Amino acid sequence: MIIAIDGPAASGKGTLAKRIAAHFGLHHLDTGLLYRAVARDVQRLGAALDDAERAAAAARALDPAELDDPDLRKPGAGEAASIVARIPQVRAALLEFQRSFARRPPGAVLDGRDIGTAVCPDADVKIYVTATPEVRAERRFLEMQGRGEAATYEGVLADIRRRDQRDASRDTAPMRSADDAFLLDTSNLDIEAAFDTAVGVILRKAGQRGRA
Ligand code: DC
């Protein structure tokens, strides 16, 4: 069973993916961490984030064991990741790792921007999680405030809009919903309601496959 969960920054897809994986006993991969780690490694080399050659080399040399670095969760790391993610050679270098992760028994939940469209176009279930930029900014702002980080709502909203624009407009594997994805708009849903809806979608799909 492969479950693809895509969506924009701060849509809640990561929390949802983690809970779905735990609920169904599947592996979970936050694919954004791969791009965040590539950006970190490029910056460690002192290279520019849009240096395609150095970024592709960093992606090929990426050590998946180094993904639990807490610095990768910081907002600046997401912005940097979005820049290296535009480079086609970076995306190509990360593709096989993601696909082989998805094939690990008994199955996996992958969350990102292009899982349903490019990484696992044959996923058993695809969910595209979204919410208005204002709602996402509000959630992210409250999270940051809770951690005592300096932020303003307007600043967070501007960052979200810029990242959406960059991720959706790149040439290779842009962020978009697969045609066969279930669209889960969480603008008016809390995490419990979003989780219940997603579980319902997965069980329905699994039932359909069982009958096919
Ligand atoms: O999901 P996230 O915020 O951790 O992702 C950080 C950036 O990485 C995102 O802005 C674009 C890029 N990304 C991508 O291009 N494709 C993915 N499957 C996941 C993330």
Side-chain angles (χ1 to χ4, degrees), residues 2-21 27-43 49-50 52 55-56 58-59 62 64 66-102 108-121 123 126-131 133 136-137 139-141 143-144 149 151 156-178 181 184 186:
I2 298 176
I3 303 177
I5 306 207
D6 290 302
S11 58
K13 65 184 186 315
T15 309
L16 201 59
K18 203 181 304 162
R19 286 195 54 176
I20 289 169
H27 303 288
H28 170 231
L29 179 64
D30 169 355
T31 65
L33 280 181
L34 303 174
Y35 294 91
R36 287 170 183 252
V38 170
R40 172 200 59 199
D41 295 349
V42 170
Q43 284 173 320
L49 289 168
D50 59 357
L62 188 69
E66 285 190 19
L67 294 178
D68 44 8
D69 173 357
D71 284 353
L72 295 181
R73 309 266 174 199
K74 295 191 173 158
E79 175 69 17
S82 163
I83 297 172
V84 297
R86 294 170 71 173
I87 303 170
Q89 300 92 311
V90 166
R91 306 198 71 82
L94 298 178
L95 202 53
E96 195 38 49
F97 173 75
Q98 296 174 83
R99 287 189 175 153
S100 55
F101 186 96
V109 182
L110 283 80
D111 71 89
R113 302 288 186 292
D114 63 338
I115 308 303
T117 52
V119 177
C120 300
K126 300 179 186 178
I127 300 178
Y128 192 84
V129 187
T130 190
R136 289 185 280 131
R139 287 181 191 153
R140 185 52 54 90
F141 172 63
E143 262 171 43
M144 292 173 75
E149 293 171 23
V156 175
L157 179 60
D159 287 351
I160 280 184
R161 287 192 194 282
R162 190 173 54 246
R163 196 126 73 88
D164 282 359
Q165 159 69 18
R166 193 188 293 117
D167 292 345
S169 66
R170 65 176 175 239
D171 293 332
T172 310
M175 168 176 80
R176 70 171 180 82
S177 170
L184 180 53
T186 66

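Quantities reported herein were computed from a predicted structural model and do not represent experimental measurements. All values below were derived from every heavy atom in this structure, side-chain atoms included, with hydrogens, water molecules and symmetry-related copies excluded. As the structure lists them, so they are numbered: ligands from 1, and atoms in each ligand from 1.
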Peer 1: Just checking Arg86: does its CZ atom have more than 12 heavy atoms from other residues, nucleotides or ligands closer to it than 6.0 angstrom?
Peer 2: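 Counting other residues, nucleotides and ligands, CZ of Arg86 stays at 12 neighbours or fewer.
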Peer 1: Contact residues of ligand 1 with a heavy-atom cut-off of under 4.0 Å?
Peer 2: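 Those residues closer than 4.0 Å to ligand 1 by some heavy atom are Lys13, Thr31, Gly32, Tyr35, Arg36, Gly78, Ala81, Ser82, Ala85, Arg91, Gly112, Arg113, Asp114, Arg163, Asp167, Arg170.
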Peer 1: Looking at Val129, Asp30, Leu110, which one forms a side chain to side chain contact (heavy atoms under 4.5 Å, CB included) with Ile5?
Peer 2: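 Of the listed residues Val129, Asp30, Leu110, the side chain to side chain contact (heavy atoms under 4.5 Å, CB included) partner of Ile5 is Val129.
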Peer 1: Does atom CG (Asp71) have a neighbourhood of more than 12 heavy atoms from anything else shown, all under 6.0 Å?
Peer 2: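 Counting neighbours around CG of Asp71, more than 12 heavy atoms of other residues, nucleotides or ligands fall under 6.0 Å, so yes.
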Peer 1: Using a 3.5 Å distance criterion without hydrogens, assess whether the side chain of Arg136 forms a donor-acceptor pair with backbone atoms of Ala131.
Peer 2: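 Judged by distance alone, yes, a pair lies under 3.5 Å.
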Peer 1: Evaluate Glu96 against Arg99 for salt bridge (Lys or Arg N to Asp or Glu O under 4.0 Å), listing each step before the verdict.
Peer 2: CA-CA 5 Å; Glu96 195 38 49; Arg99 287 189 175 153; 5.1 Å; no
Peer 1: Under a 4.5 Å cut-off applied to non-hydrogen side-chain atoms, are Arg166 and Met175 in contact?
Peer 2: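 In short, these two side chains do not touch, never coming nearer than 4.5 Å.
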